[in-house]
Amino acid sequence: MRTLVDNGPRVLVMVGLPARGKTYLARKLVRYLNWRGVTAQVFNVGNYRRRDLGSAQPAAFFDPDNPVGFEARRGVAQAALDDLMQWVAHNPNGVAVYDATNVTRSRRAHLTRTLAEVDIEPIFVESICTDEAVVEANIRETKLSMPDYADARPDAATRDFRARIAHYQRSYEPLTTSEGPWIKLVDVGEQVHLNRIRGFLPSRIVFFLMNLHIVPRPIFLMRHGESAYNVQKRIGGDPDLTERGRDFADRASQYLQRRCSTPPSLWTSTLQRTIQTASAFPWTPTALRSLDEIDAGRCDGWTYDEVRTQMPEEFAARKLDKLRYRYPRGESYEDVMDRLEPLIVELERQRDPVVIVAHQAVLRCLVAYLTDRSPEDCPFLEIPLHTVIELVPKAYPGAEVRTELGP
Ligand code: F6P
C-alpha cells in the first residue's frame, strides 16, 4: 500500500442492465487500483456462468419467470460471491469488484447481508445508459465477440442479446437511497450521483470514475530524441538533443501528422530534451513537471558505471528492488507512479488524441498502466529511443503498436 490508506477490505458491487459498460468500468477500476499499489480483483458472474453452465444460453434462460434459469443463475452468482468472500479474507487491504447485473433489490440485499457477516458494507456502482445508440454500439463491439455467441450470426446474436436485456428490464429496480453507499453513473462521462460516499479510497474511486468516458482515441507515447547524455550514457540532467535526436523529432512530426485526424493534446516534461523534440511538431505543447524523468538525486548526471564504482551499495540495492529503490535524495519508480496519478486521470478524461513526449522511466509507468502490467514488471519494460508507441485505452488492454522511426 503506497498512498491509498484505508480501513479493511472494500467490495464494490456493479449494478445495471446488460450492455451498460459494467465490465468496462470494473476492469478499468481494478487496473487503476492495481497500478496504484492496491490489490484489486474482479469477480465476473458471467464467467462463472460460462464455466459452470456452458456459454451458449438462449435469452429465455435469463427470463426471471423461468424457474430453472433463475435457480441456475442464483447458483453461479453464489459461487462468485463465495470466491469473493474467500478473497477478501486473504486480502485485508484489497478491493474486490463483484461484476454482475444485480438488478433486483433482493439480490442486492442478499449481497449486503452476506458481506455484513464479515463487517463489510459494499459500495454499489450503477451504470445507467440513456442513449440507445451507445447500447447498440456496446452490443456490437463487445457482446458479439463473447463466447456466448461464438457460433451465432451477428444479427441473430444481436436479437438474442436484446431479448436478454428485455428480460432483465422487467425485474430491474434501480438503486434507492436506503440501500447503502452508491455511485450512479449516467451515460459514463456525463453525470455522477452519489449516496453516502465517504473516506479516502471511495472518494478516489469516484474521482477516477467521473473522468472516464467511452470515446475511443489514440494515445501516442515517445521518448525525446537522442540527447547528449544518451550518447555519453549518463542518467538524468537537462541535456540538449543531438543532431540525430533532432532528425527523429522531424520524422516523428511527419508521422504524427499522418496519424492524427484531429489536433492532439501535446504534453512534454519540463526538460529541454522533450521540449526540443516537441518543438518540431505543429501543435502547442504543455510542459508538465509530472512527466519529468525519475529524479536520480545524488546520482543525477552520472553514468551507471560511476554509480557502480562510487556507490556500490546503492547500485546493489537498486538491482535488488528496482521498483521500490529510491535514489539518495531522489525518487523511486513507486514515487514516479504516485506523481503520475493525476496525469493518468487527465489522460482518461481527454477525448482528443494525446501525444506525450517524455522519458524512459516515466513512460514505463504510463505503459504499465495502459497495458495492465504489474508494478513489479514496470521498471523493466522496453521503451527504446526513436520509437512511437500507440495505444487506444479499452476495458481489455488495448493493442500496442510500436513504430520505429529511423536510427
Ligand atoms: O538513461 C536515460 C534515462 O532516461 C535516465 O535519465 C533515467 O535515469 C533512466 O533512463 C531510467 O531507466 P532505469 O530506471 O532503467 O535506470
Can you tell me if Phe61 has over 12 outside heavy atoms packed within less than 6.0 Å of its CZ?
yes
Under the salt bridge (charged side-chain N to carboxylate O under 4.0 Å, His left out) rule, what pairs show up with a residue in residues 50-60, not counting sequence neighbours?
Arg50-Asp148
For Lys322, all residues meeting side-chain contact (heavy atoms from CB on, under 4.5 Å), sequence neighbours excluded
Arg318, Tyr333, Arg364, Pro379, Phe380
Would you please classify the geometry between the Tyr369 ring and the Trp35 ring as parallel, tilted or perpendicular, with 30° and 60° separating the classes?
perpendicular
For residues Ile139 and Arg162, determine if any side-chain heavy atom of one lies less than 4.5 Å from a side-chain heavy atom of the other.
yes
Test item: side-chain donor near acceptor, Asp187 and Thr130, under 3.5 Å:
yes
Here the side-chain hydrogen bond (donor to acceptor under 3.5 Å, both in side chains) pairs for residues 239-251, sequence neighbours left out, are Glu226-Thr242, Glu226-Arg244, Asp240-Gln276
side-chain hydrogen bond (donor to acceptor under 3.5 Å, both in side chains) pairs, two or more places apart, involving residues 63-75:
Asp63-Arg170, Asp65-Arg170, Glu71-Arg74
Side-chain donor-acceptor contacts of residues 109-116 below 3.5 Å, not counting sequence neighbours, with atom names and distances?
{"unit_1": "His110", "atom_1": "NE2", "unit_2": "Gln78", "atom_2": "OE1", "d": "2.8"}
{"unit_1": "Thr112", "atom_1": "OG1", "unit_2": "Arg108", "atom_2": "O", "d": "3.0"}
{"unit_1": "Thr114", "atom_1": "OG1", "unit_2": "His110", "atom_2": "O", "d": "2.7"}

Qualifying salt bridge (charged side-chain N to carboxylate O under 4.0 Å, His left out) pairs, either residue in residues 271-285, two or more places apart
none
Between side-chain atoms of residues 154-161 and protein atoms elsewhere (two or more places apart, or another chain), which donor-acceptor pairs fall under 3.5 Å?
{"unit_1": "Thr158", "atom_1": "OG1", "unit_2": "Pro154", "atom_2": "O", "d": "2.8"}
{"unit_1": "Asp160", "atom_1": "OD1", "unit_2": "Ala59", "atom_2": "N", "d": "3.1"}
{"unit_1": "Asp160", "atom_1": "OD2", "unit_2": "Tyr149", "atom_2": "OH", "d": "2.6"}

Side-chain polar contacts of residues 294-301 - donor-acceptor pairs under 3.5 angstrom, sequence neighbours left out - could you list them?
{"unit_1": "Asp295", "atom_1": "OD1", "unit_2": "Gly297", "atom_2": "N", "d": "2.8"}
{"unit_1": "Asp300", "atom_1": "OD1", "unit_2": "Gly237", "atom_2": "N", "d": "2.9"}
{"unit_1": "Asp300", "atom_1": "OD2", "unit_2": "Gly237", "atom_2": "N", "d": "3.4"}

With sequence neighbours left out, the residues meeting side-chain contact (heavy atoms from CB on, under 4.5 Å) with Ala249 are Thr277, Ala280
Test of understanding: with side-chain contact (heavy atoms from CB on, under 4.5 Å), list the residues that count as partners of Ser374, not counting sequence neighbours.
Glu376, Asp377
Side chain proximity check, Leu405 to Phe248, heavy atoms < 4.5 angstrom
yes
So, using side-chain hydrogen bond (donor to acceptor under 3.5 Å, both in side chains) as the criterion, who are the partners of Glu121 when residues are at least two apart?
Arg196
Strictly by salt bridge (charged side-chain N to carboxylate O under 4.0 Å, His left out), give each pair with a member in residues 253-272 just once, sequence neighbours left out.
Arg259-Glu390
